[in-house]
Structures are given as structure tokens and as C-alpha cells.
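Shown next, in C-alpha cells, is the structure this report addresses.
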Amino acid sequence: MRYRKLGSSDLEVSEISLGSWLTFSGGIESEQTRACTEAAFDAGINFFDTANVYGRGASETAWGEILSKHPRDSYILATKVMGQMSDDPADSGLAPSQIAKQIDASLARLQTDHVDLYQAHRFDVNVPIEDTIEAFKKVVEQGKARYLGFSEWTPEQIQAAIDIAGPDLFVSSQPQYSMLWRAPETEVFPLCAANGISQIVWSPLAQGVLSGKYLPGQPIPEGSRFASDTMNVSKDMLMREPILEAVQRLIPIADGAGLALPVMALAWVLRRSELASAITGASRPEQVHSNAAASGVELSDDVLAAIDETLGDVPVTGTTLAPNAHSGVKHRA
């Protein structure tokens with residue numbers, strides 16, 4: 001496993017990290033969660049990413065029980081705040097009172113006195129950005145988080161935060177990024193790179209589509225993510241025939257490079273120096289080890305060109321897969 005520096009922080013995170021969005025928040029049993037987490041340690045993964053809203057605390061609780069058995073300095077822990085945490089719509093967002101409430105709740109579930117990275121899960125257009133920044137700064141000042149990050153902020157929102165707080169407040173950006181979703185390359189990557197902010201990308205395997213297991217015109221395999229109501233997210237967006245057909249055309253390219261398709265897909269995102277880590281999910285330990293094998297794999301120019309040629313006519317960029325349509329920034333009056 002290779003490691004990369006996370007932005008302007010002193011954290012060295014594994015190139016492949018373990019996430020808990022759709023699996024550990026209720027998609028799989030607790031023993032599977034434990035087995036996958038232990039497999040991550042075995043594979044050299046030291047970076048674990050979760051969020052308070054995943055299963056409304058279930059993911060944090062699961063990892064709190066498991067990770068507390070490991071020395072605190074043996075792993076880097078990240079969580080997020082923004083999503084609705086109860087049936088009350090007001091129990092969400094990035095208002096200072098909500099951030100203060102949710103960091104304490106997250107730490108209790110995670111059974112730790114601090115997280116290494118605390119992230120804004122999305123941008124809150126209803127709260128003045130100055131208030132959000134001050135609340136996040138307070139979390140760091142209180143020692144409850146070492147560093148700060150954000151997920152799926154637009155270039156306008158990122159620049160607004162930099163203009164107010166400078167480039168050192170946030171050390172990481174967490175956008176969706178894969179062969180099938182390249183939108184961050186245009187503006188987010190260069191803006192963050194110019195300000196010392198690393199990328200931690202989610203869904204680098206396009207929620208399993210880039211595993212190649214979903215075949216055009218064929219039933220969805222039993223036991224797969226898109227066969228589950230619990231873990232069925234973005235099915236209509238990703239399970240399109242042109243996309244599935246293009247993914248099948250990637251398999252011979254991977255074979256020619258001596259790689260499994262998921263390994264090639266992960267190596268493809270890791271080719272970017274802007275990345276610190278690619279967040280992967282897993283429901284079985286062998287998936288963890290397979291994903292970890294992508295660390296250190298370098299794709300030749302011929303392989304990269306073949307990938308681009310194969311995906312060139314596939315509608316893989318645009319607004320349809322964008323998880324955050326908000327672009328406004330609210331300031332104090």
C-alpha cells in the first residue's frame with residue numbers, strides 16, 4: 001500500500017481507503033462489517049471514511065465498536081456533517097448549533113475524543129458561509145477534529161471559503177470521480193490543487209458498475225448492490241445500456257494490461273496527482289484486498305488512450321449524475 005499526503009495536513013493516508021456509505025450503514029451484517037474492516041488493516045489501509053447520516057448513526061456506531069479495539073494512532077478517521085439526522089427536517093445542515101451538536105454525537109458513536117478529518121457533507125445554501133466556517137474552526141480549536149474538508153462543493157463555493165478563511169482551512173475535497181464521472185477534472189481539481197487541497201474521491205467504481213458484473217440486457221445479479229433496495233442508489237443513472245456496453249469493452253483492455261477491471265478503474269483515478277485517496281466500499285474481505293491491490297499500479301499511455309477511446313462516445317459527463325445541484329453562496333447581511 002502506498003500513502004499520500006492529505007493537502008496541507010500532516011496526515012499520510014492510504015491511496016485506497018474504506019468507506020461505509022451503503023454497506024456498513026445497514027446494507028450488510030455486523031460481522032461482515034468487522035471482517036471488511038479487519039481486512040483493511042491487513043491490506044495496509046489506514047484511512048476510514050464515514051458520515052453521521054449513514055444509517056442515521058449506524059455506520060459510525062459500527063465502526064466505533066470495531067475501531068476502538070485498535071490503537072487510535074493506527075488509523076485515520078473521517079466523518080461528515082450535513083444530512084438530516086431525524087424525522088425533523090431542522091435536524092440537518094451546517095448552522096453552528098447543528099455542527100456543535102453533531103460533532104459531539106459523532107464522537108460518542110465513534111468512541112473517540114477526536115476525528116482526524118471533519119467534512120461538510122454538502123454545502124448549506126441556507127446558512128451564511130461565514131457562520132459555517134467559524135463553527136468548523138471552533139471544532140478544531142476544541143480538539144474535536146484535527147483537520148477539515150468538504151464534499152461536493154462547487155468551484156464558486158470553494159472559492160468563497162478560500163476568500164474568507166484562506167487556503168489552509170480545508171485540506172480535502174471529496175467529489176464523485178470515476179471513469180464514468182469526470183466532471184471534477186475541469187474546475188474543482190485545478191482550483192483545489194492551486195490552494196493545497198487534496199481530493200478524496202468517492203464512487204471510483206461507479207457503485208460497482210466498473211466491476212463489469214452488470215451485463216447489458218441481462219438480469220441484475222442476485223446479491224449485488226443494485227439488486228438490493230437498501231443499497232440501490234443511482235440505478236437509473238448508471239444502469240444504462242450504453243454505459244454497460246462500454247464497460248464490457250473495457251474488460252479486454254484490463255486483461256491486456258494483466259489487471260482485473262476494478263483494479264484498472266481504481267488505478268485510473270489514482271493516476272491523478274491531485275488525489276490523496278480513493279474511497280472504496282466492500283461487503284466481503286476479498287473485495288477489500290482486491291481494491292487495495294490497485295495501490296501502486298501505473299497504467300501505460302497506451303492503456304489510458306484505449307480507455308478514453310472506448311468511453312469517448314458514452315454520455316458519462318453532464319448534470320445527470322451530479323449529486324449536488326446547488327451553486328449559491330449565502331453571506332451575512
Side-chain angles (χ1 to χ4, degrees), residues 1-7 12-19 40 43-47 172-190 192-194 197-216 238 240 242-282 286-318 321:
M1 178 62 63
R2 292 184 181 180
Y3 302 85
R4 300 186 185 186
K5 188 170 181 288
L6 184 63
E12 295 280 341
V13 298
S14 50
E15 287 187 334
I16 300 296
S17 45
L18 187 63
I45 291 172
N46 73 344
F47 187 33
S172 66
S173 162
Q174 188 177 135
Q176 179 179 188
Y177 183 59
S178 72
M179 289 181 184
L180 301 180
W181 182 249
R182 307 186 185 190
E185 291 180 347
T186 305
E187 295 182 78
V188 172
F189 280 13
C192 289
I197 299 171
S198 291
Q199 305 298 318
I200 308 165
V201 301
W202 62 273
S203 201
L205 296 179
Q207 295 178 44
V209 171
L210 285 168
S211 69
K213 63 186 174 185
Y214 300 108
L215 303 177
L238 292 168
R240 300 175 183 176
I243 291 177
L244 298 183
E245 290 169 357
V247 169
Q248 291 303 304
R249 294 196 297 271
L250 291 173
I251 294 176
I253 300 173
D255 289 343
L259 301 170
L261 178 56
V263 171
M264 184 176 79
L266 290 170
W268 185 90
V269 301
L270 289 172
R271 82 197 192 287
R272 301 287 304 222
S273 62
E274 300 94 336
L275 263 69
S277 188
I279 301 171
T280 60
E286 55 266 32
Q287 292 174 327
V288 176
H289 286 285
S290 175
N291 292 335
S295 177
V297 173
E298 297 183 7
L299 303 179
S300 69
D301 291 342
D302 289 345
V303 169
L304 293 173
I307 291 170
D308 286 342
E309 182 178 358
T310 298
L311 298 177
D313 59 350
V314 178
V316 293
T317 59
L321 291 179

What verdict does the side chain to side chain contact (heavy atoms under 4.5 Å, CB included) test give for V188 and E274, after you've listed the backbone C-alpha separation in whole Å, the side-chain angles of each residue and the deciding distance to 0.1 Å?
CA-CA 10 Å; V188 172; E274 300 94 336; over 6 Å; no

For the pair F189 and R272, evaluate side chain to side chain contact (heavy atoms under 4.5 Å, CB included) and give the outcome as yes or no after the intermediate values.
CA-CA 9 Å; F189 280 13; R272 301 287 304 222; 3.7 Å; yes

Let me see the working for V297 and L270 under side chain to side chain contact (heavy atoms under 4.5 Å, CB included), right down to the final yes or no.
CA-CA 9 Å; V297 173; L270 289 172; over 6 Å; no

Give the intermediate values and the outcome of side chain to side chain contact (heavy atoms under 4.5 Å, CB included) for residues R182 and L311.
CA-CA 11 Å; R182 307 186 185 190; L311 298 177; 3.6 Å; yes

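Atom CE of M1 is separated from atom CD1 of I45 by 4.5 Å, given to the nearest 0.5 angstrom. The distance from the CD atom of E298 to the CG atom of L304 is 10.5 Å, given to the nearest 0.5 Å. In this structure, the separation between NZ on K5 and OG on S198 is 7.5 Å, given to the nearest 0.5 Å. The structure places NZ of K213 at 11.5 Å from CG of L261, a figure rounded to the nearest 0.5 Å. How far CG of L215 is from CG of L244: 8.0 Å, rounded to the nearest 0.5 Å. Separation of atoms CD1 (I253) and CG (L259) is listed at 11.5 Å; rounding is to 0.5 Å.
Contact annotation: the side chain of R271 never approaches that of L299 to less than 4.5 Å [non-hydrogen atoms, C-beta and beyond]. A heavy-atom distance below 4.5 Å is found between the side chains of I200 and F47.
Counting only distance, with no hydrogens or angles, the side chain of S211 and the backbone of P262 share no donor-acceptor pair below 3.5 Å. E15 places no side-chain N or O within 3.5 Å of a backbone atom of A278 that could act as its donor or acceptor partner. With hydrogens and angles disregarded, a donor-acceptor distance shorter than 3.5 Å links the side chain of T280 to the backbone of S17. Side chain of S14 to backbone of N46: a donor-acceptor contact under 3.5 angstrom is found.
Nearest heavy atom pair, residue V288 against residue A282, reads CG2-CB, 3.5 Å. Nearest heavy atoms, P175 versus P184: CB-CG, 3.9 Å. Of all non-hydrogen atoms in W268 and E185, the two that sit nearest each other are CH2-OE2, 3.8 Å. What you find for P204 and L210 is that their closest heavy atoms are O-CD1, 3.6 Å. Annotation for V263 and S290: closest pair CG2-O, 3.5 Å, computed over non-hydrogen atoms. Of all non-hydrogen atoms in V247 and V209, the two that sit nearest each other are CG1-O, 3.5 Å.
With S277 as the partner, the side chain to side chain contact (heavy atoms under 4.5 Å, CB included) test is satisfied by one option alone out of V13, I16, V269: V13.
Surrounding CD of E286 are more than 12 heavy atoms belonging to other residues, nucleotides or ligands, all under 6.0 Å away.
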